[in-house]
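Below, read A as the first sequence line, B as the second, and so on, with proteins coming before strands; counting in each chain starts at 1.
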Amino acid sequence: MSFSKKQSTDFFDLVYQVTRLIPQGRVTSYGAIARYLGTARSARMVGWALNGCGNIKPKVPAHRVVNRMGLLSGQMHFGKSGTMKSLLEKEGIRVKSNCVQNFNKVFWDPNIELAL
DNA sequence: CGATTGACGTACG
DNA sequence: TCGTACGCCAATC
């Protein structure tokens, strides 16, 4: 009985867990999550993990995850244009030109907030 | 089966 | 300080 558990499975799941922990009105970056997982250079995989946000339950608030510049890099992937932006604004986050304003204030770092 | 891309970020020149 | 190159690892072509 081999529990051949894929690493990616853990990584993906872990990304979902952390993303779900993001409070409303707050956003985080792929690199922050990746770094929290110990794979700072695997920020891309975080994006891939969030790629299945609509494939798992409960639904992961991937709209709260943006790139390092606060740019809504996953807007197009989220579905239709404006969906991600609307959700962020609805949570109190100011978004301008697909860019999160006050990113420094709404930035939620798992390494700090979760005090790893 | 091999090569390229992809929701990014860091390292180096 | 800014620009370019590379790395990550999986999925897709």
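In this structure, A:Asn98 places its CG atom 14 Å from P of B:dA7, rounding to the nearest Å. Between the P atom of B:dC8 and the CH2 atom of A:Trp48 lies a distance of 11 Å, rounded to the nearest Å. Counting to the nearest Å, the C1' atom of B:dG6 and the CE atom of A:Met45 are 7 Å from each other.
Scanning for ring-ring contact (aromatic ring centres under 6.0 Å, His included) contacts around A:Phe107 gives A:Phe103, with sequence neighbours left out. Residues forming a side-chain contact (heavy atoms from CB on, under 4.5 Å) with A:Ser86 (at least two apart in sequence, or on another chain): none. Residues satisfying the side chain to side chain donor-acceptor pair (under 3.5 Å) criterion with A:Glu91, sequence neighbours excluded, are A:His63, A:Arg64. For A:Asn102, there are no side chain to side chain donor-acceptor pair (under 3.5 Å) partners at least two apart in sequence or on another chain. Residues satisfying the side-chain contact (heavy atoms from CB on, under 4.5 Å) test with A:Arg41, not counting sequence neighbours, are none.
Linking Ile, Leu, Val, Met, Phe, Trp and Tyr residues whenever their side-chain heavy atoms come within less than 4.5 Å leaves A:Ile33 and A:Val27 in two separate clusters. Taken together through direct or relayed side-chain contacts under 4.5 Å among Ile, Leu, Val, Met, Phe, Trp and Tyr, A:Val106 and A:Leu88 form part of one hydrophobic cluster.
Between the A:Thr28 side chain and the A:Asp109 main chain, no donor and acceptor come within less than 3.5 Å of each other. Panel note: side chain A:Asn98, backbone A:Gln75; no donor-acceptor pair is recorded below 3.5 Å.
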For residues 42-61 of chain A, please give each side-chain donor-acceptor pair under 3.5 Å, one per line with the distance, not counting sequence neighbours.
none

Please report, to 0.1 Å, the donor-acceptor pairs under 3.5 Å made by any side chain of residues 65-73 of chain A, with sequence neighbours excluded.
from	atom 1	to	atom 2	distance (Å)
A:Asn67	OD1	A:Met69	N	3.2
A:Asn67	OD1	A:Gly70	N	2.9
A:Asn67	OD1	A:Leu71	N	2.5
A:Ser73	OG	A:Tyr30	OH	3.2
A:Ser73	OG	A:Leu71	O	3.3

Contacts table for residues 17-24 of chain A: side-chain donor-acceptor under 3.5 angstrom, sequence neighbours left out:
from	atom 1	to	atom 2	distance (Å)
A:Gln17	NE2	A:Asp13	OD1	3.4
A:Thr19	OG1	A:Val15	O	2.6

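For the P atoms, the distance linking C:dA5 with B:dT5 amounts to 15 Å, nearest Å. Nucleotides B:dT4 and C:dC6 place their P atoms 14 Å apart, quoted to the nearest Å.
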Give me the distances for all protein-to-nucleotides 9-13 of chain B N/O pairs that come in under 3.5 Å?
from	atom 1	to	atom 2	distance (Å)
B:dG9	OP1	A:Arg68	N	2.7
B:dG9	OP2	A:Arg68	N	2.7
B:dT10	OP1	A:Arg35	NH2	2.8

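Contacts with DNA chain C (heavy atom under 4.0 Å) in residues 50-62 of chain A: none are found. The stretch residues 90-97 of chain A has no heavy atom under 4.0 Å from DNA chain C, so no residue of it qualifies as close. Residues from residues 71-78 of chain A lying near DNA chain B, meaning a heavy-atom separation below 4.0 Å, are A:Ser73, A:Gly74, A:His77, A:Phe78 in numerical order.
A:Glu89 and A:Val95 make their closest contact through OE2-O, 3.6 Å (heavy atoms, listed as atom of the first residue, atom of the second, distance).
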